[in-house]
Amino acid sequence: MTEQERRDAEAGGDPAAATHTSNMQRVKVYRLADGGRWDDQGTGHVSIEYIENSVWVDFQGSKELGLTVLDEEDNETLLAHNITSDDIYRKQEETIISWRDHEAATDLALSFQEAAGCSYIWEHICDIQRNLQFSNLGALEIGPRQASESLEASRLMHSNDDSFRSANGEFRELPPVELSNLPFILKTVLEGGITDQIRVAELITQDRDFFPKLVDMFRMCEDLENLDDLHMIFKLVKGIILLNSPSIFDKIFSDEFILDIIGALEYDPEVPRVQRHRAFLKDHVVFKEAIHIENNSVVSKIHQTYRIGYLKDVILPRILDDATLASLNTMIHTNNASVISLLKDDAPFIRQLFARMRSSDISMESKRELVLFLHEFCTLSKSLPLVQQLRLFRDLSGEGVFEIISDVLQSHDRKIVSAGTDILILFLNQDPNLLRSYIVQQEGNSLLGLLVKGMVTDFGEEMHCQFLEILRILMDSFTMSGAHREVIIEIFYERHLDYLVDVIASSCPQRNISRSTSNSACAGRNAGGYRIKPEILLNVCELLCFCVVHHPYKIKCNFLMNNAIEKILALTRRKEKFLVVAAVRFMRTIISRNDEHLIRLVVKFNLLKPIIDVFVENGDRYNMLHSGVLELLEYIRKENIKTLVIYVTESFWDQLTKFEHFGSIQAFKLKYQQYLESAEPRLSASVPDVRKKAEQRGLEKEEEDYFNEDSDEEDSGSGRRAKHAQNQHSKAKVPNGSEADNVESASRPKSAGLVDYDDDDDEDFNPPPKEPSRPSEDDVPLNISIVKRRPVTTVDGKHADGDGRKRQKIETRISCAKIAAATSTASKHRDIQNKHTPQSATSSTSSTEANGALRQHDTNSEEHQHSIENAEASRQPGGDCIKDVGSMSTEKAVNTTNPSDSEPYSVR
């Protein structure tokens, strides 16, 4: 009976049913031509039949299932294709199935009249491919009987599928969990959409007998060694886990079903042999109780958490998708939080734990287990909310956890020392002030001292990095608060900083020992006689850099009182390049503080010498040392640290000359030259500036004396008119105002009295003679010979004679500038009187006054000349005033008069 006749018989001879079945199977056959065009090969009805395999028929007479299309008019075969397990079939849209036929070397396609017929044939192709894959793995027999049974089972599943669905297509219930229904259950779990999977998960959760029956069926198949069904159960359990339902996970990972579920996952068809997960969990996994836990719920959660992790990490790591993996991690996190919450609320348990850890009667092994339990307890506390974490750590601190850690750090067992440092880091990450308060209250061998000692002790496994991290957090000034803010830093600097510096100094070779021989002989040994690992020295240097940044005042005081910087720079004599670079980085950190005292210390003790020496020794090799030193010099230049620029250039330029081809070295030398050029004009311009200010003060004094003088109204009125006429004449003569200013200042009455007006009340008054040793600033000019300027010797932009002599010279220059101002003013007066003498002689009313004024002027000039000579003689032994005046520019001293109206004033 053919496939078409059998379906007609199943339809019961109903013409309508037969017509519907015929329409479902009606297809058009297309073949892809060479030009990329699909050729219509005819219309017929498709069916799945046994087709003789041309490869196997000669040997075994085997037949395989395949697609057959018979022409609807003459029943000739339009297509006969054996279905293979290769992934060559594609379903396009809802009515087309296409594939690549390797035997015919062309592409074929079936276009169905109805979408239902296309879906029906497509499901059968997928089922046959699945069975063929099982056959290739050796799990199923190869032959027509198995393929026939699979085809019949597929048809049965297709017919039963509708019986378990409602009118809207939703699953009403699952089929009974029996061995005969196993393929249909597997199809329901694996091949449904997202909506169907959610509904299936709900049905599995609601069915209380689903997992008990599934476990019984697994045990029966395992007893019978039915590998085919065991493989199907593996796929079913895997599919149930991938449904990613929390309610299903609760049942799967319960103590009742977990071992059988893990047993079902041992029969993976893709693995050649059966795994032994249950044997490992029963025989090798041992639950150790450091202290007995009375709460059974806590113990159950601990077991469940371990099994979830084992399934996630060992059994199904390559099968789980991201969503399921996230759900399993959430379950682990929730279980941990539940366990920690139950244990921390159990006050008798906590007291018993700490009492046993303080006891001296327990063995070393028991103490080790207790410390590891405390470490895991603190680690899992991260699963709690932050508020509960803080409360838990405060409770543990009150129970004396830091005393236990202090005892642990003195142990020789590296494992429990590592656990102790991990516990401290957990506390510091939560609340650093808890540990700081404990250290401040300690006396004698404190926990801080144990941490410092542990940092330089070789525990292996990079544990010194943990000690470094603990000390950093402890002394982090940005997180400190409360009354113990400065105390913890004081303790560290008073008791432990010198120890760390001495560790570095004693681990480095002496200056007179070469780098190659010293490291092999005694370089790595400290004062205690044991070798210090280079990594430990690197961490110590990093901690010192941290202290320079966070405690600049404290570290500066220590460095100024001790030669700590020089000891630390002994790292440049080590053969390990990363230690030399660490020393350069340390010096860079100190200079970056831009502290004047530290910079002076560097210059005073020549502390950059070891840095420059290793840079020169490194040569042209481009490495971290090369880049670090160049960056240090570039930083000094960019930050305009003048002291260091001059110090480096004048001290090490001979060594740096061969690196002058680098741009940073050239820029450094240019910066040094700019400093020298800017310092020279500033020194030479300082003296004229002082003299100019003194002249201005002298002129202001003249104006003030003029307005304070008393005279007759008539005489003063006629005098003002005459002066006004002279001022107008002078201003008109010189447009730029320079001559007008000179004339106006010359015509004013001087404090010494150049013109003595007649007065009835003062006829018999004779002014007292002036003291020859104190000449006035406004008297006749001095004749000072030109003295060549003495070159100024500077060191770092300052006078080499010191600040005291500098102040003395400035005062002397100010007094000499006053003398120069008096000289210039008297010269102006004399020139003006010489100009205006003819005008005064023509006046009948003022001739007598003018002559008297001239006579008085001459007399006063002689007196002033005599007083100035005495002043010069009195100042000659010192010599500073004459030299300083001689240092003035001759051009600036002469330029006080107008060259157009009078003779140039020459200084002899």
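It should be emphasised that the depicted structure is a prediction, and the values quoted were computed from it without experimental measurement. Note that the numbering runs from 1 along the sequence shown for the chain.
- The distance from the SG atom of Cys465 to the CD atom of Glu535 is 8.5 Å, given to the nearest 0.5 Å.
- Listed by first and then second residue, the side-chain hydrogen bond (donor to acceptor under 3.5 Å, both in side chains) pairs involving residues 579-592 are Glu542-Arg585, Arg588-Glu631 (not counting sequence neighbours).
- Phe546 CZ to Arg472 CZ: the interatomic distance, rounded to the nearest 0.5 Å, is 7.0 Å.
- Listed for the Asp207 side chain is no donor-acceptor partner under 3.5 Å among the backbone atoms of Leu203.
- Residue pairs that meet the salt bridge (charged side-chain N to carboxylate O under 4.0 Å, His left out) test with at least one member in residues 241-262, sequence neighbours left out, are Arg219-Asp260, Asp255-Arg307.
- Not a single donor-acceptor pair under 3.5 Å links the side chain of Ser359 to the backbone N or O of Ala355.
- Side-chain atoms of Ser627 never come within 3.5 Å of backbone atoms of Met624 as a donor-acceptor pair (strictly under, hydrogens ignored).
- When atom types are taken as modelled, the side chain of Thr205 and the backbone of Ala201 share a donor-acceptor pair closer than 3.5 angstrom.
- Counted by atom type alone, Gln466 and Asp422 present one or more donor-acceptor pairs between their side chains at under 3.5 Å.
- The closest donor-acceptor contact from the side chain of Thr330 to the backbone of Ala326 lies under 3.5 Å.
- A donor-acceptor contact under 3.5 angstrom links the side chains of Ser366 and Ser363, judged on distance only.
- Here CG of Leu396 is found 6.5 Å from CD1 of Ile350. Values are rounded to the nearest 0.5 Å.
- Between the Asp321 side chain and the Thr324 main chain, a donor and an acceptor come within less than 3.5 Å of each other.
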